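Let me begin by presenting the structure, written as C-alpha cells, before commenting on it.
In this text, all values refer to a predicted model and were calculated from it rather than measured experimentally. Along the sequence shown, residues are numbered consecutively beginning with 1.
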Amino acid sequence: MTHSTPYPLLDNINDPADVRQLPKEQLKALSKEVRNFLTESVSVSGGHFAAGLGTVELTVALHYVFDTPSDKLVWDVGHQAYPHKILTGRKSRMTTIRSKDGVSAFPTRSESEHDAFGVGHSSTSISAALGMAIAAGLKGEDRQMVAIIGDGSITGGMAYEAMNHAGAIDANLLVILNDNDMSISPPVGAMSNYLTKILSSRLYSSMREESKKVLSKMPTMWELARRTEEHIKGMVIPGTLFEELGFNYIGPIDGHDIDMLVLTLENLKHISGPRFLHVVTKKGKGYLPAEKDPLGYHGVPAFDHKLDYLPKAPPSHPTYTEVFGQWLCDMATQDSRLLGITPAMREGSGLVKFSQQFPDRYFDVAIAEQHAVTLAAGQACEGAKPVVAIYSTFLQRAYDQLIHDVALQNLDVLFALDRSGLVGPDGPTHAGSFDYSYLRCIPNMVLMAPADENECRQMLTTGFLYNGPAAVRYPRGKGAGSAVDKALTSLEIGKASIIHTGSRIAFLAWGSMVIPALTVGKQLAATVVNMRFIKPIDDALLLELAKTHDVFVTVEENVLAGGVGSAVNDFLQANKILMPVLNLGLPDYFVEQGTREECLAHCGLDTKGILASVEAFCA
C-alpha cells in the first residue's frame with residue numbers, strides 16, 4: 001500500500017517482535033500511527049472500521065507484553081482485529097481486505113500464524129483460548145492464552161459456559177473484556193487505576209494465594225475472608241459476577257491509556273489461574289465522525305476520510321432486507337399477534353423502523369441465537385406469531401432449538417433468513433450456504449426462496465399465514481429491481497411457476513438462481529421453472545415435466561450435498577423415473593471471499609458457467 005501520511009515507527013514494524021524492541025515511551029506514538037494507517041487503509045478498501053479504532057492501544061499493548069505468536073491472542077468475531085493484522089505482517093495488503101485473494105475480514109489460521117483461531121461468529125474466544133490453555137498445560141508448556149471479547153459478544157451464553165468451566169478447573173487463562181458500549185465512566189479514573197495497580201500486583205496476588213492456603217484449613221474464616229474481599233471489590237468495581245465464576249477480576253481501566261495497559265498486562269502475565277481484565281474503550285476512537293456515529297462507521301464502503309461524513313448512496317430499488325423491514329411493519333399494523341425478534345442484528349436484518357413503530361413488540365435478545373428461537377417458541381405457545389429475523393449463517397447456532405423447541409412441537413414461528421447463499425466480501429464464515437440442506441430435512445417445516453423482491457414479500461405473507469414453522473430465505477443486497485406490490489398477498493404452498501416454455505431441457509431453479517437460469521433457458525429454448533418452494537416441492541409439476549422433457553437441470557445457491565437438487569433426485573427415484581439430471585449448486589468446500597459476482601462465477605453459477613455446464617452435460 002502506498003500512503004500519503006508518514007509512518008516513521010510503523011514502517012519498521014513487520015512483526016510483533018519489532019513492537020517489543022521499541023521503548024515503552026514510543027508506544028503512544030506507534031498507536032497514533034496505527035490508528036491513522038487504519039483510517040487511511042479502510043477508506044480505500046472499505047470494511048469494519050469503528051471497532052478497530054477502539055482497540056488500537058489494547059492491540060499494541062498486547063503484542064508488546066506477550067510473546068506472540070508463542071503466546072496466543074484469540075480475538076472474538078474479528079471486527080476489532082484490524083490493528084492486529086496491521087502489526088502482524090499484513091499492513092502492505094490491508095487495502096485488499098475482503099476482496100478476492102486479499103486479506104480476510106476476520107482472523108484466519110491459514111492466513112497468519114498470529115491468527116490463533118479462525119472466527120466470524122461471536123462468543124467463541126473464551127472456549128477456544130481455554131482449550132489452548134488446557135492443551136498447552138498438558139504438554140508442560142508455560143505459555144499465555146488470552147481471549148479478547150467484546151461487550152456484545154459476552155452477551156452470548158457460550159462465553160459464560162466457558163468461564164464457568166475455566167473457573168472450575170483453575171485454568172491459566174486471561175480474558176479481556178473490550179467494553180465499548182459506553183464512554184469512559186467515572187470509575188475509570190485515578191482511584192480505579194490505583195485499585196487496578198494494587199489488585200494486579202504480584203504482592204497482592206501472592207498474599208491472596210498464601211491467605212487461601214492458610215484460611216482454607218479454617219473453613220469458617222476462609223468463607224468470611226472470601227466474602228469480605230468480594231464485597232469490598234463489589235463496592236468499587238463491577239466484577240462480582242466474574243469473581244463468582246472463579247476469575248480474578250481486574251478493572252475497569254481506560255483502554256486508551258497505553259501506559260496503564262502495559263503495566264496491568266505485565267502484572268497479569270505473572271499471575272496464574274483464570275484472570276479477567278475489564279478494559280473500557282471508545283468505539284471509533286480518534287476519528288471524530290466514527291466517534292459521533294460508531295454504528296454508522298461499524299462497516300463502511302470505501303470513503304474519503306478527509307470528509308466528516310459518509311456520503312449517502314443515491315436512491316435505488318430496495319434491498320431484500322429493506323423489503324422485509326417494510327413488510328414487517330405493514331403486517332404488524334394488520335395483525336397484533338406479530339412480534340419481531342432479532343439476536344443483536346436490528347440494523348443488519350432491517351428491524352430499525354419496526355423497533356421504532358412497535359417498541360413493545362420488538363425484542364433484541366443480544367447475541368443469543370438459541371434463546372431467540374426458544375423465546376419465539378414460548379411466545380407461539382401463548383398465541384403470538386413471532387417472526388425471527390436472523391442471518392442464515394447465525395441460525396446454524398440454534399439448530400437444536402429449531403428442531404426440538406419449534407418444529408417438533410409444530411409451533412407457529414416464521415424465520416426470515418437474510419444473507420442466504422454467498423455473501424461475497426464477508427467470506428465463508430458469513431455465507432448462508434447450508435440452509436436448504438439443514439432445513440428441508442426437518443419435519444413440519446415449510447421453506448421458500450424468492451426470485452425477486454415482490455415474491456419475497458408474498459412469501460413472507462405466506463409464511464406468516466401458515467400455521468406452523470416456516471422460513472423464507474433471501475440473499476444479501478438487491479434483487480432484479482422488480483416493483484413491489486404493497487398488498488399482503490400470499491402464494492399457494494408447494495406450487496411452482498413455469499416462466500418460460502421450451503422443450504427437451506427443463507430448468508428447475510430456486511431463489512436467486514431463477515433469473516440466470518431464465519437467461520440461459522431462453523438461449524437453449526428450454527423450459528424454465530421458478531420452483532419457489534424448497535419444501536414442499538411441486539411433485540405434480542415434476543411428474544408432468546418428466547413426461548415431456550429429456551433432461552432436468554436443477555440450479556440452487558446452496559451446497560449440493562443435501563440441497564434441493566437432492567430432493568428432486570430422491571423424488572425421481574421414488575417414482576421410478578429414469579432420466580438424466582444435472583445438479584448445479586455450491587461446491588463441497590468453503591468458498592472464499594470476493595465480490596458476490598466473483599464468487600458466483602467461481603462456482604459456475606453465473607449465466608456463463610450455467611450455460612457451459614449444461615452444454616457439456618447435454619453434448
Side-chain angles (χ1 to χ4, degrees), residues 318-341 349-351 354 376 379-380 383-390 392 395 402 406-407 410-418 420-421 432 435-436 439-440 442-475 479-480 482-499 508-514 529-542 556-558 564 567:
T319 63
Y320 279 102
T321 303
E322 290 166 341
V323 170
F324 164 73
Q326 186 59 55
W327 170 85
L328 193 67
C329 292
D330 293 345
M331 183 57 78
T333 301
Q334 286 204 10
D335 194 326
S336 61
R337 296 178 305 143
L338 187 151
L339 306 177
I341 301 173
S349 292
L351 277 79
F354 177 82
Q379 292 172 341
K385 180 71 186 198
V387 178
V388 180
I390 188 169
S392 170
L395 184 58
L402 177 63
V406 175
N410 201 27
L411 291 174
D412 206 8
V413 179
L414 173 61
F415 296 89
L417 305 188
D418 205 331
S420 290
D435 52 43
Y436 284 2
L439 288 174
R440 81 171 187 87
I442 302 175
N444 295 330
M445 285 294 301
V446 168
L447 179 57
M448 299 163 268
D452 59 31
E453 299 90 331
N454 189 55
E455 197 167 67
C456 182
R457 186 175 170 95
Q458 293 173 327
M459 287 182 175
L460 289 165
T461 303
T462 304
F464 185 83
L465 297 177
Y466 174 69
N467 186 22
V472 180
R473 65 99 79 169
Y474 44 90
S482 62
V484 178
D485 186 350
K486 299 300 182 182
L488 294 168
T489 56
S490 61
L491 302 170
E492 183 179 352
I493 289 177
K495 288 297 179 182
S497 171
I498 297 175
I499 55 177
L508 312 176
W510 286 263
S512 59
M513 292 292 99
V514 170
V529 184
N530 173 8
M531 291 296 292
R532 289 179 172 164
F533 290 84
I534 296 93
K535 185 177 184 179
I537 57 173
D538 193 336
D539 294 354
L541 182 60
L542 290 182
E556 61 188 297
E557 194 178 343
N558 185 86
V564 71

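Between Leu488 and Trp327, the closest side-chain pair of non-hydrogen atoms falls below 4.5 Å. The shortest distance between side-chain heavy atoms of Phe533 and Ile493 falls below 4.5 Å. The shortest distance between side-chain heavy atoms of Phe354 and Val387 does not fall below 4.5 Å. Side chains of Asn410 and Pro469 form a contact here, defined as non-hydrogen atoms less than 4.5 Å apart. Considering only heavy atoms from C-beta on, Leu508 stays 4.5 Å or farther from Val564 through its side chain. In this structure, the side chains of Ile499 and Val529 stay at 4.5 Å or more apart for every pair of heavy atoms. Taking the side chain as every heavy atom from C-beta outward, Glu455 and Asn530 approach each other to under 4.5 Å. Side chains of Val472 and Phe324 form no contact here, defined as non-hydrogen atoms less than 4.5 Å apart.
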*Should Leu542 and Met531 be marked as a side chain to side chain contact (heavy atoms under 4.5 Å, CB included) after you check the CA-CA gap, both sets of side-chain angles, and the distance that decides it?*
CA-CA 10 Å; Leu542 290 182; Met531 291 296 292; 4.1 Å; yes

*Residue pair Ile534, Leu439: steps toward the side chain to side chain contact (heavy atoms under 4.5 Å, CB included) verdict*: CA-CA 9 Å; Ile534 296 93; Leu439 288 174; over 6 Å; no

*Can you check side chain to side chain contact (heavy atoms under 4.5 Å, CB included) on Arg532 and Ser497, steps first, answer last?*
CA-CA 8 Å; Arg532 289 179 172 164; Ser497 171; 3.8 Å; yes

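Of the possible polar contacts, none joining the Asp435 side chain to the Ser392 backbone as a donor-acceptor pair under 3.5 Å is found. With hydrogens and angles disregarded, no donor-acceptor distance shorter than 3.5 Å links the side chain of Gln379 to the backbone of Ala384. Listed for the Asp412 side chain is no donor-acceptor partner under 3.5 Å among the backbone atoms of Lys385. Between the Glu556 side chain and the Trp510 main chain, no donor and acceptor come within less than 3.5 Å of each other.
Remark: Arg440 CZ to Lys535 NZ distance equals 8.0 Å, nearest 0.5 Å. One distance of note links CD of Glu557 with OH of Tyr436; it measures 8.0 Å at 0.5 Å rounding. Separating the CE atom in Met331 from the OG1 atom in Thr461 is a distance of 4.0 Å, to the nearest 0.5 Å. Leu414 contributes atom CG, which lies 12.0 Å from atom CG of Leu339 (distance to the nearest 0.5 angstrom). One finds the CG atom of Asn467 at 10.5 Å from the CG atom of Asn444 (value rounded to the nearest 0.5 Å). How far CG of Asp452 is from CZ of Arg457: 13.0 Å, rounded to the nearest 0.5 Å.
A pairwise comparison of heavy atoms in Ile442 and Ala407 identifies CG2-CB, 3.4 Å as the closest pair. Smallest separation of non-hydrogen atoms from Ser349 and Ile390: OG-N, 4.2 Å. Ala380 and Leu411 make their closest contact through CB-CB, 4.1 Å (heavy atoms, listed as atom of the first residue, atom of the second, distance). Contact detail for Pro386 and Ala376: the closest heavy-atom pair is CG-O, 3.3 Å.
Looking only at atom types and distance, the side chain of Thr321 has a donor-acceptor partner in the side chain of Asp418 under 3.5 Å away.
Between Tyr320 and Tyr474, the ring planes lie parallel to each other; the angle is under 30°, not in the 30° to 60° tilted range.
For the salt bridge (Lys or Arg N to Asp or Glu O under 4.0 Å) condition, no pair includes a residue of residues 484-499, sequence neighbours left out.
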